[in-house]
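These notes are about the structure you will find just below.
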2 protein chains.
Amino acid sequence: MTIHIAQQGDAAVKPCNHDYQVNCGNCRLNGICLPLALESDDIQQLDDIIQRSKPLQKNQHLYREGDHFQSVFAVRSGTLKAYKTTDDGREQVTGFYFPGEILGMDGISNNAHASSAKALETAAICEIPFVSLERLSALMPNLQRHFFQLMSREITEDQQLITLLSKNSADERVAALMLSISGRNARRKLSATQFRLPMSRVDIGNYLGLTVETVSRVFSRMQKMAVLRVDNKEIEILDPAGLRSMANLGS
Amino acid sequence: MTIHIAQQGDAAVKPCNHDYQVNCGNCRLNGICLPLALESDDIQQLDDIIQRSKPLQKNQHLYREGDHFQSVFAVRSGTLKAYKTTDDGREQVTGFYFPGEILGMDGISNNAHASSAKALETAAICEIPFVSLERLSALMPNLQRHFFQLMSREITEDQQLITLLSKNSADERVAALMLSISGRNARRKLSATQFRLPMSRVDIGNYLGLTVETVSRVFSRMQKMAVLRVDNKEIEILDPAGLRSMANLGS
DNA sequence: CGTGCGTTTGATGGCAATCAATTTATGTGG
DNA sequence: CCACATAAATTGATTGCCATCAAACGCACG
């Protein structure tokens, strides 16, 4: 069984046979990913159900809205975006997924994926068949609890976004996203102040309920205020405190 | 052990000792609530862990943001709203909960409730201690799956709201909410075309990212277009097809 | 070097927020 | 039960933020 990759309209898949020997035990993300809070022999069992396959190329889909739901996925490297398509053809980006994060959980309720997921850059993925995960969860209380927590976190993050979209200005939304990315980098022991945005301005705007032009203007403004240094996709946070006060967030 | 009811600032609780003999087996909501998909002896076990206590009065809190998380809750009668408070004091309503629906799942991730929940009218609640639910879930695959599905549905509904807030006009948002309430009424075998809104205009606007004035104007407009009949909180959907086309939703 | 895409910047307009005032519901004490 | 007080909802006038329209710029690529 391999990762289900929708191929219509996607770039051809380049075979790649190295670097498949990763396992949960030696993965450097196991402190923030699913294996967190498992004993080493439990990790082995989890590892046994996880499928790894060739990396996704940029713009390839991991799954599409409406696809039969079979697995959730962990990002090992690269970044993905999840998005829904409204029936008048517009897109709504519902989330970005960085290494160590889990996606696909919105497919559980209807046995069909409620959103599409595509790679923003080359990405390595761990596939976790859901029936196996359910079976293991029933046997390993820690795993069950951890997965409940992951789903709950997805809910709280979506609610955070709801609040952002409903209550905050364009400046605040962009600032909040920069802080979120910064924090997630820090969790992976990367720089919290300097990073490269994996997504386009269009995606940022779409996620934040803004147009590209507005996003661009906000970046310009922040640069003029010396809060951020923006060089295309390269971001440097010059004034973290200023950025936080600009974000003006709850919690 | 009783329901944890925060009482500061709330109306005094009137004791009420009748009507506590409901159980999951005879509850008329068991076709849409947690017991769904359980065998009758499994239902008995679920019933044993569920706590029922005196009804919540209007404006009383079921739990508050930051409270220690201990249980999820099912609504047996009445309506609740969930909301977050931003640190500059504003509220964001994140959901309305009708009979048969489950709330409180956003508290799992941090062992603390991520939002507050208060009754919009007198409400009867079933409390489901989470540790017991976890234990039972490990023993009953159907229950585990059903609860995963409930959480997943919460995620997809939040994503629906995200899309609504990000992409739709005031008219579309209000239309979508009316359709949502209509559908949820239908699920409970109530009228899909005639109902009483349990929440105020302020709450509606807050939930939809609009001001009270805008909500009121939209209702007036819809009434003028003969799509809705609005008499304060009494709503009649005169033209369901028109309302749907007005909502202009994805999926 | 031209083509195309992503990004930036500028000018204008529209939708919903804000401010303000009135009307209608709700609730309370005499 | 009515008079009063308070809260909720409606309607109107004006403002402001961000979308839209338009054009130029930079960069990657063939």
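Sequence lines set the chain letters: A, B, ... in the order given, protein chains first and strands last, and positions in each chain run from 1. What you see is a predicted model; the values in this text were computed from it and never measured.
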Atom pairs under 3.5 Å, N or O on each side, protein against nucleotides 26-28 of chain C: can you list them with distances?
none

If you define the side chain from C-beta out and look only at heavy atoms, does anything of [X] sit under 4.5 Å from [Y]?
X        : Y        : answer
B:Gln160 : B:Leu164 : no
A:Arg188 : A:Glu101 : no
A:Asp239 : A:Leu243 : no
A:Arg153 : A:Met105 : no
A:Ile181 : A:Phe195 : yes

Please collect all salt bridge (Lys or Arg N to Asp or Glu O under 4.0 Å) contacts where either partner lies in residues 90-99 of chain B, sequence neighbours excluded, each pair once.
-> B:Lys81-B:Glu91, B:Asp88-B:Arg90
Going by the salt bridge (Lys or Arg N to Asp or Glu O under 4.0 Å) test, which pairs reach into residues 223-234 of chain A, not counting sequence neighbours?
-> A:Arg196-A:Glu234, A:Arg229-A:Glu236
Determine, using ring centers only, whether B:Phe73 and B:Tyr63 are less than 6.0 Å apart.
-> yes
Test side chain to side chain contact (heavy atoms under 4.5 Å, CB included) applied to A:Asp203 and A:Val215, A:Leu197, A:Val93, the passing residue | A:Val93
Atom [atom1] of [X] and atom [atom2] of [N]: how far apart are they, to the nearest Å?
X        : N      : atom1 : atom2 : value
B:Arg173 : C:dA17 : CZ    : C1'   : 12 Å
B:Arg201 : C:dT23 : CZ    : C1'   : 14 Å
A:Leu197 : C:dG6  : CG    : C1'   : 14 Å
A:Met199 : C:dC5  : CE    : C1'   : 19 Å
B:Glu172 : C:dC15 : CD    : P     : 12 Å
B:Asp171 : C:dA16 : CG    : P     : 7 Å
A:Lys167 : C:dT18 : NZ    : P     : 10 Å

Take the angle between the ring planes of B:His113 and B:Phe69 and call it parallel below 30°, perpendicular above 60°, tilted in between.
-> perpendicular
Hey, could you give me each pair passing ring pair (Phe, Tyr, Trp, His ring centres under 6.0 Å) that has a residue in residues 201-228 of chain A? Not counting sequence neighbours.
-> A:Phe96-A:Tyr207
Outermost nucleotides of DNA chain D that come under 4.0 Å of a non-hydrogen atom of chain A = D:dC18 to D:dC21
What parts of residues 207-220 of chain A reach DNA chain D, counting only heavy atoms under 4.0 Å away?
-> A:Gly209, A:Leu210, A:Thr211, A:Glu213, A:Thr214, A:Arg217
